[in-house]
Amino acid sequence: MPGASDQTRRVKILNANWVPGSDGGDGRFEVMIVTDDDAQHTVPASPASMTALVALAQADTVLAWDPDNRTLIAANIVGRMPWTTRDDSP
């Protein structure tokens with residue numbers, strides 16, 4: 001896909017841990033991304049970005065993780081990309 005590295009893989013599992021703020025603030029999230037090659041990656045996320053991430057994950061999208069560029073790609077927001085067919089190719 002344009003702009004993605006050769007290491008980009010489809011997201012298979014997406015988990016998040018939340019640590020509450022000690023001062024009663026929003027706290028922080030840590031997202032674990034498991035790609036279709038079973039590689040695990042963790043990235044921090046703000047509460048606001050976590051809201052957007054949950055919405056994208058619940059929508060009819062395909063997520064891909066580019067570890068080289070530390071970029072989460074959301075495909076098929078509108079329309080379908082050919083690489084998102086279920087043949088497991090990123």
Side-chain angles (χ1 to χ4, degrees):
M1 77 198 75
S5 76
D6 291 338
Q7 300 302 311
T8 301
R9 298 290 179 261
R10 186 186 297 248
V11 173
K12 181 169 79 170
I13 299 169
L14 187 67
N15 292 324
N17 291 336
W18 176 67
V19 178
S22 60
D23 60 355
D26 289 338
R28 61 183 170 79
F29 284 90
E30 185 172 274
V31 177
M32 180 179 72
I33 299 167
V34 180
T35 53
D36 60 5
D37 60 355
D38 291 323
Q40 294 184 12
H41 310 270
T42 57
V43 293
S46 69
S49 64
M50 199 62 218
T51 300
L53 182 55
V54 168
L56 285 170
Q58 291 178 341
D60 189 23
T61 60
V62 173
L63 299 177
W65 175 247
D66 180 349
D68 287 354
N69 296 316
R70 294 186 52 82
T71 302
L72 184 66
I73 299 161
N76 299 352
I77 295 172
V78 174
R80 296 264 176 239
M81 295 296 297
W83 61 266
T84 62
T85 58
R86 283 288 168 193
D87 65 358
D88 291 331
S89 58

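Since this is a predicted model, take the numbers as computed values, not measurements. For the single chain, residues carry numbers from 1 onward in sequence order.
A distance of 8.0 Å separates CG in Asn17 from CE in Met32, rounded to the nearest 0.5 Å. Taking CD1 of Ile33 as the reference point, atom CD1 of Ile13 lies at 12.0 Å (rounded to 0.5 Å). In this structure, CG in Asp68 is found 5.0 Å from CD in Gln7, a value given to the nearest 0.5 Å.
Looking only at distances, no side-chain donor or acceptor of Thr71 sits under 3.5 Å from a matching main-chain atom of Asp66. A donor-acceptor pair is defined here as one N or O able to donate and one able to accept, closer than 3.5 Å; no such pair exists between the side chain of Trp18 and the backbone of Pro47. Formation of a donor-acceptor pair under 3.5 Å by the Asp36 side chain with backbone atoms of Arg9 is not found in this model.
The two residues Leu53 and Leu72 come nearest to each other via the heavy atoms CD1-CD2, 3.2 Å. Minimum heavy-atom separation, Leu14 to Ala57: CD2-CB, 3.9 Å.
In terms of hydrophobic clustering, with Ile, Leu, Val, Met, Phe, Trp and Tyr side chains grouped at heavy-atom distances under 4.5 Å, Trp65 and Val54 are assigned to a common cluster. When the side chains of ILVMFWY residues are joined at heavy-atom separations under 4.5 Å, either directly or via intervening members, Val34 and Met50 end up in two distinct hydrophobic clusters.
By the 4.5 Å heavy-atom criterion applied to side chains, Asp38 and Lys12 are counted as neighbours. Side-chain atoms of Val31 and Asn15, non-hydrogen and from C-beta on, never get closer than 4.5 Å to each other.
Residue Leu63 forms a side-chain contact (heavy atoms from CB on, under 4.5 Å) with just one option from Thr35, Val11, Asn76, Ile73, and that option is Val11.
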